[in-house]
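Below is one structure; the comments refer to it alone.
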Amino acid sequence: MSGGGLLVAGTTSDAGKSVVTAGICRWLVRQGVKVAPFKAQNMSLNSFVTREGAEIGRAQAMQAQACRVEPTALMNPVLLKPGGERSSQVVLLGKAVGEMSARGYHGGRQQQLLGTVLDCLAQLRGTYDAVICEGAGSPAEINLRRTDIVNMGIARNAGLPVLVVGDIDRGGVFASFFGTVALLSPEDQALVAGFLVNKFRGDVTLLEPGLDMLHGLTGRHTYGVLPFRHGLGIDEEDGLAVSLRGAVRESAVAPPVGEDVLRVAVCAVPLMSNFTDVDALAAEPGVVVRFVDRPEELADADLVVLPGTRGTVRALQWLHERGLAAALRRRAAEGRPVLGICGGYQILGEHIEDEVESRAGHVDGLGLLPVRVRFAREKTLTRPTGEALGERVEGYEIHHGVADVQGGTAFISDDGGHGLDGCRVGRTWGTHWHGSLESDGFRRAFLREVAAAAGRRFVPAPDTSFAALREEQLDRLGDLIEQHADTDALWRLIESGAPQGLPFIPPGAPA
């Protein structure tokens with residue numbers, strides 16, 4: 001097989017496209033297929049830095065891991081990072097190229113990117129045996145079809161067969177499948193090969209009459225019924241609805257090793273980015289992670305995390321408005337642990353000069369760390385390594401803010417003990433490094449410090465490997481496809497494209 005492909009679309013956002021794509025990728029690579037993921041355009045505040053210093057969506061980085069390949073900018077050529085209700089930062093081939101309103105983007109800029117997107121896909125198809133593409137939202141968003149470059153626009157131009165995923169757990173899946181096809185033009189309908197039911201609970205034989213009727217109505221097969229499984233939504237898009245669906249363990253977490261649990265409160269700031277940073281904490285037996293938005297919810301927390309955000313100044317204002325800023329100051333004064341990551345680190349500093357993101361100019365921070373932040377127009381995108389608390393640390397940086405540390409001690413240092421990043425004063429820590437808590441030794445050392453400061457008899461598990469847990473979960477996704485999908489039929493789609501002679505379902509796309 002050479003250069004085969006498939007587009008995984010969905011009846012809605014959050015239908016399960018990301019995890020189904022990852023599952024198909026892991027199933028294929030276990031069959032000896034050289035496979036890569038692809039998403040032409042992603043809208044997400046959860047992003048990752050490739051080894052060449054390109055910013056892409058976390059979901060595509062996770063899918064690349066499912067493929068056992070290194071992620072590259074080719075796998076997600078367009079990334080949109082929302083900065084407010086109506087505008088987003090446009091990241092093209094891994095580099096930010098400016099802010100744009102939704103109207104401006106869909107009014108012309110998006111269509112201009114089609115050539116770039118198709119070129120990236122062609123390069124991948126020329127290198128890999130198969131490329132599994134993920135759509136966005138729904139392919140039946142008829143108001144956006146003219147400029148679409150991520151759903152049927154890419155499928156039509158690249159000749160990709162389309163598999164439509166529907167979430168049966170939220171209801172209405174048959175109507176959604178039928179309506180998705182019926183709202184497409186004849187040319188687009190010809191590429192929609194069939195359906196995949198996601199998150200089914202119960203006896204699948206009770207579903208079969210509906211699947212038979214759907215086939216009779218559309219002439220298209222259902223390629224599988226995937227059962228509902230907890231904790232499979234790793235590194236998906238945005239929204240606190242996913243909260244710890246990004247965690248790598250099932251709901252039934254292993255009991256703590258020590259006598260106490262450790263409670264972690266994550267402030268749910270606006271435009272929160274890379275909340276996947278706390279997944280590694282949630283993977284630890286005995287660590288309870290929750291997102292909070294009220295000061296009283298900090299009272300019983302052993303650690304408070306201020307996460308990254310695409311709107312540092314806006315998040316700071318929100319903390320003041322909610323009473324969380326005052327609660328954080330009290331907490332730091334009492335010597336109770338606080339960790340700021342990226343934008344959260346910047347908020348903990350003395351002041352912020354921002355003429356780039358919010359254009360607010362000089363803004364006072366919380367003053368918990370002796371750090372002054374100035375926003376640069378160029379974004380820092382790196383994959384650094386260092387040492388902290390006597391352990392090796394790896395991470396990645398995605399930020400405009402440049403920190404000038406005026407005191408305290410460096411949080412992360414190089415091999416020679418010279419400060420690399422971050423700041424620590426007492427039991428308040430800050431770092432620009434995302435993903436640092438995925439370094440197992442560092443995470444355990446940090447949790448031991450937190451437990452000691454909180455007076456908890458919590459003991460980190462000695463054998464928790466975040467990387468191994470992630471691999472286990474990717475294998476579980478591959479198992480879902482292998483055990484519950486018609487893999488022979490999927491092979492034929494990827495190799496040969498959509499079946500010929502698929503019927504047109506009226507009324508089709510409006511003229």
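Without hydrogens or angle criteria, Asn198 side chain to Val165 main chain gives no donor-acceptor distance under 3.5 Å. Remark: side-chain polar atoms of Arg424 are not paired, donor with acceptor, to backbone N or O of Gly408 under 3.5 angstrom. No donor-acceptor pair under 3.5 Å is formed between the side chain of Gln483 and the backbone N or O of Leu480. The closest donor-acceptor contact from the side chain of Lys379 to the backbone of Ile398 lies at 3.5 Å or more, if one exists at all. With hydrogens and angles disregarded, no donor-acceptor distance shorter than 3.5 Å links the side chain of Arg314 to the backbone of Pro270. Looking at Asn274, its side chain never comes within 3.5 Å of a backbone N or O of Asp277 through a donor-acceptor pair. Between the side chain of Arg26 and the backbone N or O of Ala66, at least one donor-acceptor pair lies under 3.5 Å. In this structure, Asp404 contributes its side chain and Arg372 its backbone to no donor-acceptor pair below 3.5 Å. At least one donor-acceptor pair under 3.5 Å links the side chain of Arg329 to the backbone N or O of Leu366. Without hydrogens or angle criteria, Ser439 side chain to Gly441 main chain gives no donor-acceptor distance under 3.5 Å.
Contact check for Leu324 versus Trp318: side-chain heavy atoms found under the 4.5 Å cut-off. In this structure, the side chains of Leu369 and Tyr345 come closer than 4.5 Å at one or more pairs of heavy atoms. Side chains of Arg330 and Arg336 form no contact here, defined as non-hydrogen atoms less than 4.5 Å apart. Side-chain contact between Asp279 and Phe466 is present, with at least one heavy-atom pair separated by less than 4.5 Å. Between Val425 and Pro370, the closest side-chain pair of non-hydrogen atoms falls below 4.5 Å. Side-chain atoms of Met75 and Val69, non-hydrogen and from C-beta on, do get closer than 4.5 Å to each other. Taking 4.5 Å as the limit, some side-chain heavy atom of Trp433 sits within range of a side-chain heavy atom of Leu420. Residues Leu306 and Ile341 have side chains not in contact (no heavy-atom distance under 4.5 Å, counting atoms from C-beta outward).
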Please assess Glu55 against Ser47 for the test side-chain hydrogen bond (donor to acceptor under 3.5 Å, both in side chains), listing each intermediate value before the final yes or no. CA-CA 6 Å; Glu55 185 179 8; Ser47 57; 2.8 Å; yes

What verdict does the side-chain hydrogen bond (donor to acceptor under 3.5 Å, both in side chains) test give for Gln346 and His432, after you've listed the backbone C-alpha separation in whole Å, the side-chain angles of each residue and the deciding distance to 0.1 Å? CA-CA 8 Å; Gln346 296 166 7; His432 271 131; 3.0 Å; yes

Lys17/Asp167 under salt bridge (Lys or Arg N to Asp or Glu O under 4.0 Å): CA gap, chis, key distance, verdict: CA-CA 10 Å; Lys17 297 183 292 290; Asp167 177 0; over 6 Å; no

Step by step, work out the side-chain hydrogen bond (donor to acceptor under 3.5 Å, both in side chains) result for Glu52 and Thr72. CA-CA 8 Å; Glu52 69 267 27; Thr72 73; 4.9 Å; no

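Every residue was checked against the salt bridge (charged side-chain N to carboxylate O under 4.0 Å, His left out) condition with Asp354, not counting sequence neighbours, and none meets it. Residues satisfying the ring pair (Phe, Tyr, Trp, His ring centres under 6.0 Å) criterion with Phe200, sequence neighbours excluded, are absent altogether. When the ring pair (Phe, Tyr, Trp, His ring centres under 6.0 Å) test is applied to His351, the partners found at least two apart in sequence or on another chain are His362.
Between the side chains of His400 and Glu378, no donor-acceptor pair of N or O atoms lies under 3.5 Å. In this model, no donor atom of one side chain and acceptor atom of the other lie less than 3.5 Å apart for Ser44 and Asn42. A donor atom on one side chain and an acceptor atom on the other are not found under 3.5 Å apart for Glu394 and Thr385. Remark: the Asn46 side chain and the Thr276 side chain contain no N/O donor-acceptor pair separated by less than 3.5 Å. For the residue pair Thr380/Glu397, the side-chain donor-acceptor check at 3.5 Å is not satisfied. Remark: the Thr50 side chain and the Glu70 side chain contain no N/O donor-acceptor pair separated by less than 3.5 Å. No donor-acceptor contact under 3.5 angstrom links the side chains of Gln89 and Glu357, judged on distance only. Checked by atom type, the side-chain pair Thr428/Arg331 shows no donor-acceptor distance below 3.5 Å.
A salt bridge links Arg170 to Asp14: at least one charged side-chain nitrogen sits closer than 4.0 Å to a carboxylate oxygen. Under a 4.0 Å N-O distance rule, the pair Asp440/Arg443 qualifies as a salt bridge. By the 4.0 Å N-to-carboxylate-O rule, Asp129 lies too far from Lys34 to be salt-bridged with it. Contact check on Arg457 versus Glu259 returns a salt bridge, with a Lys/Arg side-chain nitrogen under 4.0 Å from an Asp/Glu carboxylate oxygen.
The aromatic rings of Phe411 and Trp429 sit tilted relative to each other, their planes meeting at an angle between 30° and 60°.
In this structure, Arg30 places its CZ atom where more than 12 heavy-atom neighbours from other residues, nucleotides or ligands lie under 6.0 Å away.
A side chain to side chain contact (heavy atoms under 4.5 Å, CB included) with Arg263 is found for one member of Asp300, Val304, Leu303 and no other, namely Asp300.
When all heavy atoms are compared, the tightest approach of Phe177 to Thr11 is CD2-CG2, 3.7 Å. Residues Ala61 and Ile56 share a closest heavy-atom pair of N-CD1, 4.1 Å. Across all non-hydrogen atoms, the minimal contact from Val373 to Gly401 is CG1-CA, 3.8 Å. Closest approach of Pro82 to Arg310, counting heavy atoms only: O-CG, 3.1 Å. Phe442 approaches Leu389 most closely through the heavy-atom pair CE1-CD1, 4.0 Å. Considering all non-hydrogen atoms of both residues, Ala54 and Ala73 come closest at CB-CB, 3.8 Å.
In this structure, CD on Gln63 lies 10.0 Å from CD1 on Ile24, to the nearest 0.5 angstrom.
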